[in-house]
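Everything on this sheet refers to the single structure shown next.
Residue numbers run from 1 in the order of the sequence given.
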Amino acid sequence: MQNPPRLTDRTALARNRARADLAQGLFLQETALEEVQDRLTLVNRAFNTVAIVSPFPDLWRRVAPQAEIVEDADVLALEPGRYDLVIHAMCLHWANDPVGQIIQCRRALKNDGFFLCVSFGGQTLHELRSALAEAEAEVTGGLSPRVAPMAEIRDLGALLQRAGLNLPVADALPLRVTYETPWHLMRDLRAMGEANALEGRLRRPTGRRVMMRATEIYTRAFMQDGRMPATFELIFLSGWAPDTSQPKPLRPGSASARLADALGTDETKLED
């Protein structure tokens with residue numbers, strides 16, 4: 001059986017991350033980290049054995065200083081059944097096999113262990129994506145992949161159940177950052193370590209005519225109050241490794257009380 005096509009050039013991705021500005025470029029990683037910390041405070045559970053999948057270990061160790069930090073390789077260095085908590089931190093959007101990543105995390109959990117993932121979602125950089133696509137089609141008559149094809153929240157939420165996690169929850173946090181020009185946005189993407197690392201990307205610099213036309217399109221379509229907005233959507237996914245102690249849905253028709261009684265209202269029967 002043929003292997004599926006690879007989305008990400010891991011060598012290019014590692015090079016981009018090595019060039020990230022660790023002092024000032026990781027502000028979205030820091031925002032995601034704070035949101036993860038807030039969500040963990042809502043879980044009434046002590047986590048003693050923690051693993052965090054992240055390319056930026058020094059930053060994410062703040063969540064749990066004792067955590068094992070694991071590189072987001074195609075095969076994760078996670079020991080099966082070892083952890084109370086596994087966090088997949090801001091790297092699922094570069095995975096060649098996203099559901100495989102979540103399955104590996106679920107297998108690494110103890111029974112009733114907690115999985116929490118944060119990743120960029122499908123609305124991320126939609127302004128830049130559309131401006132570049134329109135400009136390239138107009139100038140060259142073709143298209144090349146420039147922004148990672150990030151999944152929508154519904155599709156990401158479905159991965160939790162496919163991976164065998166119980167009580168799945170998916171929610172989104174849209175963020176908007178404004179820039180002086182699209183050039184400043186692209187400089188920030190390089191500082192984040194999020195420059196183009198797609199396997200099918202152009203292997204030569206983008207032509208000046210394409211970039212200038214993309215800037216014109218971006219400015220015309222999206223400029224507000226003299227600034228260029230850029231959307232970054234953070235998707236949060238959570239679920240629990242199966243355990244007999246977890247609540248289970250009742251069988252249809254097994255209710256022992258009427259909903260109308262609970263609501264204090266009269267029940268109206270529908271005509272056949």
Following the transitive rule for hydrophobic clusters with a side-chain heavy-atom cut-off under 4.5 Å over Ile, Leu, Val, Met, Phe, Trp and Tyr, establish whether [X] and [Y] coincide in one cluster.
X: Val43; Y: Leu116; answer: yes
X: Met186; Y: Val139; answer: no
X: Ile52; Y: Leu22; answer: yes
X: Val53; Y: Val99; answer: yes
X: Leu185; Y: Leu198; answer: no

Check your understanding: Glu199: what forms a salt bridge (Lys or Arg N to Asp or Glu O under 4.0 Å) with it, not counting sequence neighbours?
Key ->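 For Glu199, the residues satisfying salt bridge (Lys or Arg N to Asp or Glu O under 4.0 Å) (neighbours in sequence not counted) are Arg203.
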Are any side-chain N or O atoms of [X] and backbone N or O atoms of [Y], one a donor and one an acceptor, separated by less than 3.5 Å?
X: Tyr218; Y: Pro229; answer: yes
X: Glu127; Y: Thr231; answer: yes
X: Asn196; Y: Pro145; answer: yes
X: Ser119; Y: His93; answer: yes

How many angstroms lie between [atom1] in [X] and [atom2] in [Y], if you round to the nearest 0.5 Å?
X: Trp94; Y: Asn16; atom1: CH2; atom2: CG; answer: 7.0 Å
X: Leu128; Y: Leu189; atom1: CG; atom2: CG; answer: 7.0 Å
X: Lys110; Y: Leu85; atom1: NZ; atom2: CG; answer: 11.0 Å
X: Ile217; Y: Met212; atom1: CD1; atom2: CE; answer: 12.0 Å
X: Leu156; Y: Asp171; atom1: CG; atom2: CG; answer: 11.5 Å
X: Leu76; Y: Ile103; atom1: CG; atom2: CD1; answer: 11.5 Å

Practice item. Show your reasoning for whether side-chain contact (heavy atoms from CB on, under 4.5 Å) applies to Glu194 and Phe120. Key: CA-CA 11 Å; Glu194 294 288 343; Phe120 286 126; 4.0 Å; yes
Looking only at non-hydrogen atoms, find the nearest pair between [X] and [Y] and report the distance.
X: Pro65; Y: Arg62; result: CD-O, 4.4 Å
X: Ala163; Y: Arg106; result: O-NE, 2.7 Å
X: Arg61; Y: Ala67; result: NH1-O, 3.5 Å
X: Leu40; Y: Phe47; result: CD2-CE1, 4.1 Å
X: Ala135; Y: Ala214; result: CB-N, 3.4 Å
X: Pro182; Y: Met228; result: CD-CG, 3.8 Å

Practice item. Could you list the residues that satisfy side-chain contact (heavy atoms from CB on, under 4.5 Å) with Glu233, not counting sequence neighbours? Key: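 In terms of side-chain contact (heavy atoms from CB on, under 4.5 Å), with neighbours along the sequence ignored, Glu233 is linked to Gln123, Thr124, Ala172, Ile235.
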**Study point:** Those residues that, when tested against Thr11, pass side-chain contact (heavy atoms from CB on, under 4.5 Å) (two or more places apart)
**Key:**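 Thr11: side-chain contact (heavy atoms from CB on, under 4.5 Å) contacts with Asp9, Arg15.
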A side-chain contact here means heavy atoms from C-beta on lying under 4.5 Å apart; do [X] and [Y] qualify?
X: Pro98; Y: Leu159; answer: yes
X: Trp240; Y: Leu165; answer: no
X: Ser144; Y: Glu136; answer: yes
X: Tyr179; Y: Arg187; answer: no
X: Asn96; Y: Arg10; answer: yes
X: Phe232; Y: Met192; answer: yes
X: Thr140; Y: Arg209; answer: no
X: Arg17; Y: Cys91; answer: yes

Enclosure of [X] [atom1] (heavy-atom neighbours >12, cutoff 6.0 Å):
X: Gln66; atom1: CD; value: yes
X: Arg208; atom1: CZ; value: no
X: Arg227; atom1: CZ; value: yes

Test: [X] and [Y] ion pair at under 4.0 Å:
X: Arg220; Y: Glu134; value: yes
X: Arg45; Y: Asp112; value: yes
X: Arg162; Y: Asp155; value: no

Check your understanding: Mind checking what makes ring-ring contact (aromatic ring centres under 6.0 Å, His included) contact with Phe115, not counting sequence neighbours?
Key ->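 If we apply the ring-ring contact (aromatic ring centres under 6.0 Å, His included) test to Phe115, skipping adjacent residues, there are no hits.
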Exercise for review: Go through the steps to decide whether Val50 and Val63 satisfy the test side-chain contact (heavy atoms from CB on, under 4.5 Å), and finish with yes or no.
Suggested key: CA-CA 10 Å; Val50 180; Val63 175; 5.9 Å; no
Point to revise | side-chain hydrogen bond (donor to acceptor under 3.5 Å, both in side chains) partners of Asn166, counting only residues at least two apart | key: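 With sequence neighbours excluded, Asn166 shows a side-chain hydrogen bond (donor to acceptor under 3.5 Å, both in side chains) to Gln246, given in chain and number order.
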Exercise for review: Could you check Arg82 against Glu68 for side-chain contact (heavy atoms from CB on, under 4.5 Å), going step by step and ending with a plain yes or no?
Suggested key: CA-CA 11 Å; Arg82 171 174 169 76; Glu68 296 179 25; 2.9 Å; yes
Review point. Hey, what's the ring geometry for Phe222 with His126, parallel, tilted or perpendicular (30° and 60° as the breaks)?
Key: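 Correct class here is perpendicular.
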Exercise for review: With side-chain contact (heavy atoms from CB on, under 4.5 Å) as the test, would you mind laying out the steps for Asp74 and Arg6 before giving the verdict?
Suggested key: CA-CA 11 Å; Asp74 289 338; Arg6 299 184 67 82; 2.7 Å; yes
Kindly list each side-chain donor-acceptor pair under 3.5 angstrom involving residues 26-37, sequence neighbours excluded, with atom names and distances?
from: Gln29; atom 1: OE1; to: Trp60; atom 2: NE1; distance (Å): 2.8
from: Thr31; atom 1: OG1; to: Phe27; atom 2: O; distance (Å): 3.0
from: Glu35; atom 1: OE1; to: Arg39; atom 2: NH1; distance (Å): 2.7

